[in-house]
Amino acid sequence: MSVISDNHDASRPQVPAADQTLRILRHLATRPAPVAASAIARDLDLPRSTVYHLLSTLADHGFVLHLREARRWALGTAASELAGGFARQQPLARLGRPLVAALADRLGESTHLGVLSGSDVVYIVEERAPRRPALVTDVGVRLPAHLTATGRAMLAALPREQVRALYPGSSAFSTRTGIGPGRPGELRELLRSIRAAGYACEDGEVTDGTRSVGATVLDASGWPIAAVAVTWSRGTGPSGTDAATAVVEAAQELQRRLR
């Protein structure tokens, strides 16, 4: 029978490696850009050898990315999927649903809320407007982020090194209708214009004959945790300016409520 002594220090982690791993992940999540391993060791007061070993294990499982040229470490797609799973299960979908519904009422078009999962968008809320055609953005559907308004809005808010890791070459790009960015340079130019505008658009790149406008939702550290978008048939619906204004306002309100 095991006995815990009276002088056991409750503040000391019982599994140091697990505690150190979680501290590293939390540290990376709060940084605005990828971080050097030496800086992680210094900031967390951990041995450098321990930090390197833990980072290597995390990289093996996809939770961090090693940006070799920059000699920096960033969160990986597996970490993003954890965030997406949390978002799907509770607060993001719960808080976002009434705002997405109000946006659909305001514009008279179908609206949705999505999260980033690697280089895909996963839709967690959809509000279909009355007498509007069904879209491909049902809850649970995954679409390539570089083609969708929601995905582009979130990619534009990611560190550039993270985008390069997700799209290292032409083979990382897929297409649905034969149009859209097909090379890293084209995506960089597109994301630069999105950052300047404050919102993202797509026109016929997900489904021929439809248009979308999306805006990102940032957490307290500036990381894109979701995006709100509206989709309508080309030749009908709101003007692009009106749609962008409404979507940005909805995204900012959701951001405020989450914080």
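Starting from 1, each residue takes its place in the sequence as its number.
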**Message:** Using side-chain heavy atoms (C-beta onward) and a distance below 4.5 Å, is T231 in contact with T207?
**Reply:** no
**Request:** Please tell me if the side chains of I225 and L218 come closer than 4.5 Å, counting only heavy atoms from C-beta onward.
**Result:** no
**Asked** What pair of heavy atoms forms the shortest contact from T216 to Q255, and how long is it?
**Response** O-OE1, 4.3 Å
**Item:** Value rounded to 0.5 Å, distance of OG in S119 from CG in L143
**Value:** 11.5 Å
**Message:** Under a 3.5 Å distance rule, please check whether R152 uses its side chain to pair with a backbone N or O of C201 as donor and acceptor.
**Reply:** yes
**Message:** With clusters defined by side-chain heavy atoms of hydrophobic residues (ILVMFWY) lying less than 4.5 Å apart, directly or transitively, does L58 cluster with L65?
**Reply:** no
**Request:** Mind checking the OG1-CZ spacing from T148 to R176? Nearest 0.5 Å is all I need.
**Result:** 10.0 Å
**Prompt:** Between L25 and F63, does a side chain to side chain contact (heavy atoms under 4.5 Å, CB included) hold up when you go through it step by step?
**Reply:** CA-CA 8 Å; L25 286 173; F63 283 92; 4.2 Å; yes
**Message:** So which atom in E205 and which in G180 form the shortest heavy-atom distance, rounded to 0.1 Å?
**Reply:** OE2-CA, 3.4 Å
**Request:** Check the pair D203 / I179 against side chain to side chain contact (heavy atoms under 4.5 Å, CB included), numbers first and verdict last.
**Result:** CA-CA 9 Å; D203 190 345; I179 55 176; over 6 Å; no
**Request:** Answer yes or no: is there a side-chain heavy-atom contact under 4.5 Å between V122 and V141?
**Result:** no
**Prompt:** Is it true that atom CZ of R188 has more than 12 heavy atoms of other residues, nucleotides or ligands lying nearer than 6.0 Å?
**Reply:** no
**Prompt:** Given the rule in the side chain to side chain contact (heavy atoms under 4.5 Å, CB included) test, do R142 and S117 qualify, once you have shown the distances and angles that lead to the verdict?
**Reply:** CA-CA 9 Å; R142 302 174 73 98; S117 178; 3.0 Å; yes
**Gap between atom CG of D208 and atom CZ of R234 - 0.5 Å precision** = 6.0 Å
**Item:** Whether over 12 other heavy atoms sit under 6.0 Å from R195 CZ
**Value:** yes
**Message:** Are L55 and L44 connected into the same hydrophobic cluster when the rule is that any two of I, L, V, M, F, W, Y join if their side-chain heavy atoms are below 4.5 Å apart?
**Reply:** yes
**W232 side chain reached by S110 side chain, heavy atoms, under 4.5 Å** = no
**Request:** Might you point out which heavy atoms bring L54 and Q20 nearest each other, and give the distance in Å?
**Result:** CD1-CB, 3.6 Å
**Asked** Are any side-chain N or O atoms of T177 and backbone N or O atoms of V206, one a donor and one an acceptor, separated by less than 3.5 Å?
**Response** no
**Message:** Minimum heavy-atom separation for L99 and A250, please, with both atom names.
**Reply:** CD1-O, 4.2 Å
**Request:** State, to 0.1 Å, how close L75 and A79 come at their nearest heavy-atom pair, and which atoms those are.
**Result:** CD2-CB, 4.0 Å
**Request:** Report the C-alpha separation of T150 and Y123 in whole Å, then their side-chain angles, then the decisive distance to 0.1 Å, and conclude whether the side-chain hydrogen bond (donor to acceptor under 3.5 Å, both in side chains) test is met.
**Result:** CA-CA 9 Å; T150 47; Y123 292 94; 3.3 Å; yes
**Message:** Taking the side chain as everything from C-beta on, heavy atoms only, tell me whether R72 gets closer than 4.5 Å to R31.
**Reply:** no
**Prompt:** Looking only at heavy atoms, which two atoms of V100 and T111 are closest? And how far apart?
**Reply:** O-OG1, 2.8 Å
**Request:** With rounding to the nearest 0.5 Å, note down the distance linking CZ in R97 to CG in L113.
**Result:** 9.0 Å
**Message:** With heavy-atom distances below 4.5 Å as the criterion, would you say the side chains of L158 and W223 are in contact?
**Reply:** yes
**Request:** Tell me, yes or no, whether the heavy-atom count around D60 atom CG, taken from other residues, nucleotides or ligands under 6.0 Å, exceeds 12.
**Result:** yes
**Request:** Under the side chain to side chain contact (heavy atoms under 4.5 Å, CB included) rule, what do M154 and V121 come out as? Steps first, then yes or no, please.
**Result:** CA-CA 9 Å; M154 290 184 281; V121 168; 4.0 Å; yes
**Prompt:** Any idea how Y167 and H146 line up, ring-wise: parallel (<30°), tilted (30 to 60°), or perpendicular (>60°)?
**Reply:** perpendicular
**Prompt:** Would you say T57's side chain and H53's backbone share a donor-acceptor pair under 3.5 angstrom?
**Reply:** yes
**Asked** Heavy atoms, side chains only, cut-off 4.5 Å: are H27 and R23 in contact?
**Response** no
**Request:** Measure from the side-chain N and O atoms of R94 to the backbone N and O of L92, and report whether any donor-acceptor pair falls under 3.5 Å.
**Result:** no
**Message:** For a 4.5 angstrom cut-off between non-hydrogen side-chain atoms, does P34 reach P159?
**Reply:** yes
**Item:** Donor-acceptor contact present, side-chain S233 to main-chain T236, <3.5 Å
**Value:** no
**Asked** Linking I/L/V/M/F/W/Y whenever their side-chain heavy atoms sit closer than 4.5 Å, directly or via other members, would L67 and W73 fall into one cluster?
**Response** no
**Prompt:** How about D242 and S239: does a side-chain donor come under 3.5 Å of a side-chain acceptor?
**Reply:** yes
**Request:** Hey, could you give me the OG1/CZ distance between T30 and R26, rounded to the nearest 0.5 Å?
**Result:** 8.5 Å
**Complete:** Taken to the nearest 0.5 Å, the spacing of Y52 OH from S38 OG works out to 5.5 Å
**Prompt:** Has the side chain of T50 got a donor or acceptor atom that lies under 3.5 Å from a matching backbone atom of L46?
**Reply:** no
**Prompt:** Can R211 and E109 be said to form a salt bridge (charged side-chain N to carboxylate O under 4.0 Å, His left out), step by step?
**Reply:** CA-CA 11 Å; R211 303 180 65 193; E109 301 293 344; over 6 Å; no
